[in-house]
Amino acid sequence: MTKMRALVLEKQHELKLRDIDLPTEVGPGQVKIKLHTVGVCGSDVHYYTHGRIGPFVVNAPMVLGHEAAGTIVEVGAGVTSLKVGDRVCMEPGVPDPNSKASRLGMYNIDPAVTFWATPPIHGVLTPYVVHPANYTFKLPDNVSFAEGAMVEPFAVGMQAATKAKITPGDTAIVMGAGPIGTMVALAALAGGCARVIITDLAQPKLDIAAKYQGIIPVNIKDKKLIDEVNRLTDRWGADVVFECSGSPRAWQGIVDVVRPGGTIVVVGLPVEPVNFDIASLSVKEITIASVFRYAHQYDRAIALMASGRVDLKPLISETFTFEDSIKAFDRAVEGRPTDVKLQILMEDA
């Protein structure tokens, strides 16, 4: 263990930049990474403001941050796929490779998975981290560190698009134009959707998403979603609906905007149980799929970004220094409608 300066969530509502003991010894199959850029995720902010997410409770000081990119400075025994100097991003969840979920290829739902900045596991808002090489991915030369730190949230969008089983030419709806909703929309377009209708109450968020070709914004304060869907699909309905808002109200009438035989993909997580119309769901034979993080998406996400098919740079709203990390989190708590992704530059940490 080595004392390193880190952004530590001491308890609910209390953040400090201070030294904390963190592991730095590189074992077999591991690499040591000097962090360059770390994104501020909604889950990090939720731990700050609420002290818990579902069963995960902050009972002890915890380093925040899990969307990250950096440079390898040391490799452990047996690592042949990476070398010192490689620019990389890291998948923050590490499963038990021998678990049944992992053997079935669904390692993201392994109950034993350890995930950065999920109690009691420390995150990476600190200068260095040691991580398994198998969950560390080399960045192409034309993908920046800032973009590399966006791979983690984009992987959620990739998982959602994969679960949707998109057919080329599909029409999709994304409910919620926050960071994840916008990335789901981009993943859906990359996956073959001809167009994506994205909804929100905040016009600035919709304006940002609408800059991408193929995304059609609908402000549900001004228009009824069902009217727009009927107009655009000749009353047939959308092939896929991605619920990304986490709002219970989104489930009211959600079945009405899906075509017969279509799919609803659950991405946003309501804090309370929701009611929806099972009978209508059954009559239309609608499939419901759910998403928990991602599995086997990093390589694909990086390839799309490197090819130029997906450009996430416009979603980076502002970058803060490591010394201003607390300001970054307080800014995120404000929830400004013009903010999509805030990032923290660790290079001089």
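What you are looking at is a predicted structure, and each value in this text was computed from that prediction instead of being measured. We number each residue from 1, following the sequence as shown.
- You'll find the side chain of Val26 stays beyond 4.5 Å of the side chain of Val31, heavy atoms only.
- Phe242 and Val218 fall into different hydrophobic clusters, where Ile, Leu, Val, Met, Phe, Trp and Tyr are joined by side-chain heavy atoms under 4.5 Å apart, directly or via other members.
- With hydrogens and angles disregarded, a donor-acceptor distance shorter than 3.5 Å links the side chain of Arg300 to the backbone of His296.
- Using a 30° and 60° split on the angle between ring planes, Tyr48 and Phe329 fall in the perpendicular class, above 60°.
- Both Val124 and Met346 belong to a single network of hydrophobic side chains, linked directly or stepwise wherever heavy atoms of I, L, V, M, F, W or Y lie under 4.5 Å apart.
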Show, in sequence, the C-alpha distance, side-chain angles and deciding distance for Asp330 and Lys327, and conclude whether the salt bridge (charged side-chain N to carboxylate O under 4.0 Å, His left out) test is met.
CA-CA 5 Å; Asp330 287 338; Lys327 290 182 181 179; over 6 Å; no
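- Minimum heavy-atom separation, Val57 to Pro119: O-CB, 3.2 Å.
- No side-chain donor-acceptor contact under 3.5 Å links Asp222 to the backbone of Asn219.
- Annotation: side chain of Gln252 is not in contact with side chain of Phe276 (no heavy-atom distance under 4.5 Å).
- Residues Pro179 and Leu315 fail the side-chain proximity criterion, which asks for heavy atoms closer than 4.5 Å.
- Atom CE of Met4 and atom OG1 of Thr2 lie 6.5 Å apart (nearest 0.5 Å).
- The shortest non-hydrogen separation linking Leu9 to Leu15 is CA-CD2, 3.7 Å.
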Applying side-chain contact (heavy atoms from CB on, under 4.5 Å), run through His46 and Cys41 and close with a yes or a no.
CA-CA 9 Å; His46 199 84; Cys41 177; over 6 Å; no
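- Enclosure of atom NZ in Lys284 by more than 12 non-hydrogen atoms of other residues, nucleotides or ligands within 6.0 angstrom is indicated.
- Proximity of Arg235 to Val229: side-chain heavy atoms (C-beta onward) are nowhere separated by under 4.5 Å.
- For the pair Leu225 and Ile197, the minimum side-chain heavy-atom distance is below 4.5 Å.
- Linking Ile, Leu, Val, Met, Phe, Trp and Tyr residues whenever their side-chain heavy atoms come within less than 4.5 Å places Met158 and Leu189 in a single cluster.
- Side-chain N or O atoms of Thr321 include one that pairs as donor or acceptor with a backbone N or O of Asp324 at under 3.5 Å.
- No side-chain donor-acceptor contact under 3.5 Å links Lys34 to the backbone of Val73.
- In Arg249, the CZ atom is not crowded: 12 or fewer heavy atoms of neighbouring residues, nucleotides or ligands sit closer than 6.0 Å.
- Among all heavy-atom pairs drawn from Leu304 and Ser307, the shortest one is O-OG, 2.8 Å.
- Between the side chains of Thr162 and Gln297, a donor-acceptor pair is found at a separation under 3.5 Å.
- No path of Ile, Leu, Val, Met, Phe, Trp and Tyr side chains, each step under 4.5 Å between heavy atoms, connects Leu269 with Val265, placing them in separate hydrophobic clusters.
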For the pair Ile254 and Met175, evaluate side-chain contact (heavy atoms from CB on, under 4.5 Å) and give the outcome as yes or no after the intermediate values.
CA-CA 10 Å; Ile254 194 170; Met175 295 180 166; 3.9 Å; yes
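- With Asp110 contributing its side chain and Asp96 its backbone, the two residues share a donor-acceptor pair below 3.5 Å.
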Determine, step by step, whether Met305 and Leu312 satisfy the side-chain contact (heavy atoms from CB on, under 4.5 Å) criterion, reporting the C-alpha distance in whole Å, the side-chain angles of both residues, the deciding distance to 0.1 Å, and the verdict.
CA-CA 8 Å; Met305 294 164 69; Leu312 301 180; 3.9 Å; yes
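- A distance of 7.5 Å separates CD1 in Ile288 from CD1 in Ile286, rounded to the nearest 0.5 Å.
- Side-chain N or O atoms of Ser282 include none that pairs as donor or acceptor with a backbone N or O of Ala279 at under 3.5 Å.
- How far NE2 of His36 is from SG of Cys89: 13.5 Å, rounded to the nearest 0.5 Å.
- Judged by the 6.0 Å distance and 45° axis criteria, Arg331 is not positioned over the aromatic ring of Phe320.
- Looking at Ser43 and His66, their side chains come closer than 4.5 Å, going by heavy atoms from C-beta outward.
- The distance from the CD1 atom of Ile166 to the SG atom of Cys193 is 4.0 Å, given to the nearest 0.5 Å.
- The pair Arg5-Glu323 meets the salt-bridge criterion, with a side-chain N (NZ, NE, NH1 or NH2) lying under 4.0 Å from an Asp/Glu carboxylate O.
- Checked by atom type and distance alone, the side chain of Thr49 pairs as donor or acceptor with a backbone atom of Val45 at under 3.5 Å.
- Between the side chain of Lys341 and the backbone N or O of Met150, no donor-acceptor pair lies under 3.5 Å.
- Counted within 6.0 Å of CZ on Arg52, heavy atoms from surrounding residues, nucleotides or ligands total more than 12; the atom is thus considered enclosed.
- At distances below 3.5 Å, at least one donor-acceptor pair connects side-chain atoms of Gln159 with backbone N or O atoms of Ala295.
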Evaluate the criterion side-chain contact (heavy atoms from CB on, under 4.5 Å) for residue pair Val266 and Val291; output intermediate values, then yes/no.
CA-CA 6 Å; Val266 185; Val291 167; over 6 Å; no
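- Side-chain atoms of Arg87 come within 3.5 Å of backbone atoms of Pro140 as a donor-acceptor pair (strictly under, hydrogens ignored).
- Of all non-hydrogen atoms in Leu82 and Val75, the two that sit nearest each other are O-CG1, 3.9 Å.
- Ring orientation note: the planes of His131 and Trp116 are tilted relative to one another, at an angle of 30° to 60°.
- Among residue pairs with one or both ends in residues 188-201, those qualifying as side chain to side chain donor-acceptor pair (under 3.5 Å) are Thr171-Arg195; sequence neighbours excluded.
- Gln30 and Tyr135 form no side-chain donor-acceptor contact under 3.5 Å, judged by distance and modelled atom types alone.
- In plain terms, the two heavy atoms of Asn142 and Ala306 that are nearest each other are ND2-O, 2.8 Å.
- Side-chain contact check for Ile33 versus Thr71: every heavy-atom pair is 4.5 Å or farther apart.
- To the nearest 0.5 Å, atom NZ of residue Lys163 and atom CD1 of residue Ile264 are 14.5 Å apart.
- The side-chain heavy atoms of Leu35 and Met90, taken from C-beta on, include a pair separated by under 4.5 Å.
- Asp277 and Ser280 form a side-chain donor-acceptor contact under 3.5 Å, judged by distance and modelled atom types alone.
- Partners of Arg103 by salt bridge (charged side-chain N to carboxylate O under 4.0 Å, His left out), not counting sequence neighbours: none found.
- Ion pairing of Glu25 with Lys32 is absent here, as no side-chain N (NZ or NE/NH1/NH2) approaches a carboxylate O to less than 4.0 Å.
- No side-chain donor-acceptor contact under 3.5 Å links Gln12 and Tyr47.
- In this structure, CG in Leu125 is found 8.5 Å from CG in Leu17, a value given to the nearest 0.5 Å.
- Within 6.0 Å of CD in Glu334 there are more than 12 heavy atoms belonging to other residues, nucleotides or ligands.
- Closest non-hydrogen pair, Thr263 versus Ala164, comes out as OG1-O, 4.3 Å.
- Hydrophobic clustering (ILVMFWY, side-chain heavy atoms < 4.5 Å, transitive): Leu342 and Met183 are in distinct clusters.
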